[in-house]
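To keep things clear, I will list the structure first and then write my remarks on it.
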Protein chains: 2
Amino acid sequence: MLLALSNVLTDDQERELDRRGLTPARTHVLWLVFHEGPRTQAELAVALGVSPRNVTTLVDGLEATGFARREPHPHDRRAVLVTLSARGEEAMRAMDAEHTELGGQLVAGMDDADVETTLRGLRHVLGRLTQLIAEHEARADAEGRT
Amino acid sequence: MLLALSNVLTDDQERELDRRGLTPARTHVLWLVFHEGPRTQAELAVALGVSPRNVTTLVDGLEATGFARREPHPHDRRAVLVTLSARGEEAMRAMDAEHTELGGQLVAGMDDADVETTLRGLRHVLGRLTQLIAEHEARADAEGRT
DNA sequence: TATTGTTATACTCTATAACTATA
DNA sequence: TATAGTTATAGAGTATAACAATA
């Protein structure tokens, strides 16, 4: 239907992440664990929408660069819990702070009423988009079953 | 600064593109040629923000699946012009029509004044974002030169 | 000397399939 | 039998470096 909206990072920002060993996909893992707490790899696979095999590689990378650790699951000896290291926590706190600052800068110069209306409009459009995608997938599902 | 906003395509839509041999990156090439006319690979590399080497592979794929052709450049025997085939034209016209339809569906149910304010807010935010990125890159450039 | 596009090579992100250890 | 994670393999997208043909 559409072109991919590739990426919100500037080249400089990508280079900066690379320099620290933090690729976009690994950053996404870190982000999830930071905001939702330690998770098993199977849970991360579902949350990221990727295969469990893929999570293995991503967590390997995060361990090698010291951003995360694998810890034994307390009740299930098959599973591991992906946990942030001090370095990983620090990186995610910095990223959170940048997001907050960016949000403020983006609406600088708009009056409160306009910010409010814009957000309301955006929520409406996102709601419609979600609905349209759900309808599309239901249709595709029904056709697949026929 | 942020997580990549990976992708606007649903899984179904990606599968549909794959089925026809149209991957996201190849679609982006097609899209550019459709909207801006035949281009050399060097020009496409700049427009896409990728390396010339990468464009070689993408155009190879588009030729193999019959969406585009390489044609000799009229004034420069080193260069080729990437041109859409009839199949490529058709695919891009269909995509354009879907975009137009989607745009209408997204604002369905909003009154005209709200659509207008939302768009104005979005333009403001995009302008600020562009400005902030430019400032960031100018700073990074200045530091790199020091 | 600079530019266009290619061959050679490598890394990230993704997938499926087969396997091991555990539940 | 089902689940968690791994090894094996493959394909798309990206990069740099070296090279040929042409400007």
Side-chain angles (χ1 to χ4, degrees), chain A residues 3-7 9 11-12 14-15 17-32 38-65 67-83, chain B residues 3-7 9 11 14-15 17-32 38-65 67-82:
Chain A
L3 294 174
L5 248 203
S6 51
N7 203 312
L9 296 168
D11 290 350
D12 277 330
E14 288 214 346
R15 270 191 291 272
L17 288 182
D18 272 357
R19 197 177 59 69
R20 305 186 216 157
L22 255 190
T23 63
R26 291 180 196 168
T27 306
H28 199 171
V29 173
L30 231 48
W31 184 260
L32 275 174
R39 286 291 179 272
T40 66
Q41 296 191 180
E43 287 168 336
L44 289 174
V46 171
L48 296 163
V50 301
S51 66
R53 174 60 183 90
N54 204 343
V55 176
T56 298
T57 312
L58 296 175
V59 175
D60 284 351
L62 288 170
E63 272 200 319
T65 47
F67 287 98
R69 282 190 307 273
R70 283 181 169 95
E71 301 198 338
H73 191 288
H75 309 311
D76 187 340
R77 279 193 293 168
R78 294 171 306 177
V80 301
L81 280 179
V82 179
T83 315
Chain B
L3 296 174
L5 248 203
S6 52
N7 202 313
L9 296 167
D11 289 350
E14 288 214 347
R15 270 192 291 273
L17 289 182
D18 272 356
R19 197 178 59 69
R20 306 185 215 157
L22 256 191
T23 63
R26 290 180 196 168
T27 306
H28 200 170
V29 173
L30 232 48
W31 184 260
L32 275 174
R39 286 290 179 271
T40 66
Q41 296 191 182
E43 286 169 337
L44 289 174
V46 172
L48 296 163
V50 303
S51 67
R53 174 61 184 91
N54 204 342
V55 176
T56 298
T57 313
L58 296 174
V59 175
D60 284 350
L62 288 170
E63 272 199 319
T65 48
F67 286 98
R69 282 189 307 274
R70 282 180 170 97
E71 301 197 338
H73 191 290
H75 309 311
D76 186 340
R77 279 193 292 169
R78 293 171 306 178
V80 300
L81 280 178
V82 179

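Note that these values count all heavy atoms, side chains included, but never hydrogens, waters or copies made by symmetry. A note on names: the letters A, B, ... follow the listed sequences, proteins ahead of strands, and every chain is numbered from 1.
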Output yes when at least one side-chain N/O atom of A:Ser51 is less than 4.0 Å from OP1 or OP2 of C:dT16, else no. no
Rounded to the nearest 0.5 Å, the OG1 atom of A:Thr27 sits from the CG atom of A:Leu58 at a distance of 10.0 Å
Take the protein atom CG of A:Leu48 and the nucleotide atom P of C:dT14, then report the distance between them rounded to whole Å. 8 Å
Non-hydrogen side-chain atoms of A:Val46 and A:Glu43 separated by less than 4.5 Å: no
Which pair of heavy atoms, one from A:Ala68 and one from A:Val82, lies closest together, and at what distance? CB-CG1, 4.3 Å
Atom CG of B:Asn54 and atom P of C:dA8: how far apart are they, to the nearest Å? 17 Å
5' to 3' contact window, DNA chain D with chain B (heavy-atom distance under 4.0 Å): D:dA12 to D:dA23
Quick one: pull up CG in B:Leu81 and CZ in B:Arg70 and give me the separation to the nearest 0.5 Å. 12.0 Å
Side chain to side chain contact (heavy atoms under 4.5 Å, CB included) partner of A:Phe67, the single match among A:Val59, A:Leu22, A:Val29: A:Leu22
Using a strict threshold of under 4.0 Å (side-chain N to carboxylate O), is an ion pair present between B:Arg26 and B:Asp60? no
Mark up nucleotides 1-7 of chain C, 5' to 3', with B wherever a protein heavy atom is under 4.0 angstrom from a base atom, S wherever such an atom reaches only the sugar-phosphate, and - elsewhere. --BSSBB
Separation between CD (B:Glu63) and CZ (B:Arg69), nearest 0.5 Å, reads 9.0 Å
When rounded to the nearest 0.5 angstrom, what is the spacing between CG in B:Leu30 and NE2 in B:His28? 11.0 Å
Round to a whole Å and report the spacing from NE2 of A:His73 to C1' of C:dA21. 16 Å
